[in-house]
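Please read the structure below before turning to the comments.
Per chain, numbering begins at 1; letters A, B, ... match sequence-line order.
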2 protein chains.
Amino acid sequence: MKYVEKLRNSGLRPTKQRLQICEVLFNTEKTFHFTINELEQKIKKQANNKISLATVYNTVHAFEKKGYLKQIPINSSETYFDTNVTDHHHFYDLKEEKLIDLDNSDVGPINILKKINGKKIKSVEVLVKLED
Amino acid sequence: MKYVEKLRNSGLRPTKQRLQICEVLFNTEKTFHFTINELEQKIKKQANNKISLATVYNTVHAFEKKGYLKQIPINSSETYFDTNVTDHHHFYDLKEEKLIDLDNSDVGPINILKKINGKKIKSVEVLVKLED
DNA sequence: ATCGCAGTTTATAATGATTCTAAAAAAGTG
DNA sequence: CACTTTTTTAGAATCATTATAAACTGCGAT
């Protein structure tokens, strides 16, 4: 399994459940956005077995902490995650309630001129809301 | 009362509760960020009486719909609102869990090059996460 | 002013995403 | 295999938010 090493290297035991979730999340051509519930559905369908909801939460949070996933800052009742962990941004289609990736190259360079004493910039995320 | 007209003009009856919330939200030198619970506390203290939590929610949502408040897109257990409805951005201090305003002039001009068919850009919001 | 009604407020219940719990299962180690 | 630690799990608990439905209020019409 190609994810065994990845997990081990980050100090996570390569359990059956984590490997299965890796398959669903990372064994794809394209990156994608998901909520915990969408992920649970996808696991059920793709792997044809059920992983406890608590485990899905645990795993997603563990992966996020290790930098394999990113949370997308958006106001929605459910939290959105992104398998694309490179620096990039998002459109949010208000009507369809859908997220669309926006590559760094689709956004001019962003220069934050204000500095906060003793703080470093960890990330810069742009959310572009779309309407009809 | 200076808020009676404002409310009437937007089709909201100027009720005692709404006027009181207007005082707390808008009768200040500076704009500010708040959660519903922080607002409830502020009302209790400033006006020395209690408005039902449901009414605070209703009112904040009504004001947001009318454009008197903005939701701040951020992943937090509570929803943050902003009395500053002009185009601007935010720092988010991850450690302190505090929001800090970032004027448009503190951010270089942002140019969204990608276009989505049939959609208009409603807003462009930048969230800059800070760490120590 | 009073009436009547749509719009509001309210306390409380319901919802729903997320986290907690503690017992069972699995993984790593020697 | 025996033992320890980590992980999984079902179900309970939590907590922000929304729904409910009864009481109340603002306001125009009479």
Exercise for the section: Can you label the angle between the B/His33 ring and the B/His90 ring as parallel, tilted or perpendicular, going by 30° and 60°? Expected result: perpendicular
Exercise for the section: Compare the minimum distances between each of C/dT18, D/dT6, C/dT8 and the side chain of A/Ile36, then state the nucleotide with the smallest one. Expected result: C/dT18
Practice task
Would you mind reading off the distance between B/Gln71 atom CD and D/dT17 atom C1', rounded to a whole angstrom?
Solution key: 12 Å
Exercise for the section: Using a 4.0 Å heavy-atom cut-off across all strands, classify B/Thr79 as base, sugar-phosphate, or nothing. Expected result: sugar-phosphate
Handout entry: From D/dT8, C/dC20, D/dA19, nucleotide with atom closest to A/Ala54 side chain
Key = C/dC20
Handout entry: Given C/dG28, D/dT8, D/dC27, the nucleotide with the shortest approach to the side chain of B/Arg8
Key = D/dC27
Fill in the blank from the handout: Residue pair B/Lys16/B/Tyr57 against DNA chain D: nearer the 5' end by closest nucleotide is B/Tyr57
Exercise for the section: For D/dT9, take OP1 and OP2 only and decide whether either is under 4.0 Å from a side-chain N or O of A/Thr55. Expected result: yes
Exercise for the section: Consider the side chain of A/Arg18, meaning its heavy atoms from C-beta on, and name the nucleotide among D/dT9, C/dT10, D/dT8 that approaches it most closely. Expected result: D/dT8
Exercise for the section: Please determine if a side-chain N or O atom of A/Gln17 lies less than 4.0 Å away from the OP1 or OP2 oxygen of C/dA25. Expected result: no
Practice task
Check the angle between the aromatic planes of A/Tyr68 and A/Phe63 and answer parallel, tilted or perpendicular using the 30° and 60° thresholds.
Solution key: perpendicular
Handout entry: Matching residue for B/Asn49 among B/Gln17, B/Lys16, B/Gln20 - test: side chain to side chain donor-acceptor pair (under 3.5 Å)
Key = B/Gln20
Problem - Side chain of A/Asn37 - closest among C/dG28, D/dA10, C/dA17 - result: C/dA17
Handout entry: Separation of D/dT18 C1' from A/Asn75 CG (nearest whole Å)
Key = 16 Å
Completion exercise
Checking D/dA10, D/dT17, D/dT8 against the side chain of A/Asn58 (C-beta onward), the nearest is D/dT8
Practice task
Find the distance A/Glu40:CD to D/dA10:P and express it as a whole number of Å.
Solution key: 10 Å
Handout entry: Nucleotide C/dT18, atom P - distance to CZ of A/Phe81 in whole Å
Key = 7 Å
Handout entry: Out of C/dT9, C/dA11, C/dT18, whichever nucleotide has its closest atom nearest the side chain of A/Leu53
Key = C/dT18
Practice task
Check every atom of D/dT17, D/dC27, C/dA17 against the side chain of B/Arg13 and return the nucleotide holding the closest atom.
Solution key: D/dC27
Practice task
Describe, in one word, how the ring planes of B/His61 and B/Tyr57 are oriented to each other, choosing from parallel (under 30°), tilted (30 to 60°) and perpendicular (over 60°).
Solution key: tilted
Exercise for the section: Check every atom of C/dA11, C/dA26, C/dG7 against the side chain of B/Lys50 and return the nucleotide holding the closest atom. Expected result: C/dA11
Handout entry: Gap between atoms CG and C1', on A/Leu7 and C/dG28 respectively (whole Å)
Key = 15 Å
Handout entry: Spacing between B/Leu12 atom CG and C/dT9 atom P, to the nearest angstrom
Key = 9 Å
Exercise for the section: May I ask you to verify if any side-chain N or O of B/His61 is less than 4.0 angstrom from the OP1 or OP2 atom of D/dT18? Expected result: yes
Problem - Between D/dT18 (C1') and A/Glu78 (CD): distance, integer Å - result: 15 Å
Exercise for the section: Measure from NZ or CZ of A/Lys70 to the centre of the six-membered ring of A/Tyr80 and say whether it is under 6.0 Å with the direction within 45° of the ring axis. Expected result: no
Exercise for the section: Answer yes or no for A/Lys42 and A/Phe34: cation-pi contact, defined as NZ/CZ to six-membered ring centre under 6.0 Å and angle to ring axis within 45°. Expected result: no
Practice task
Round to a whole Å and report the spacing from CD of B/Glu38 to P of D/dT17.
Solution key: 11 Å
Exercise for the section: Output yes when at least one side-chain N/O atom of A/Thr15 is less than 4.0 Å from OP1 or OP2 of C/dA27, else no. Expected result: no
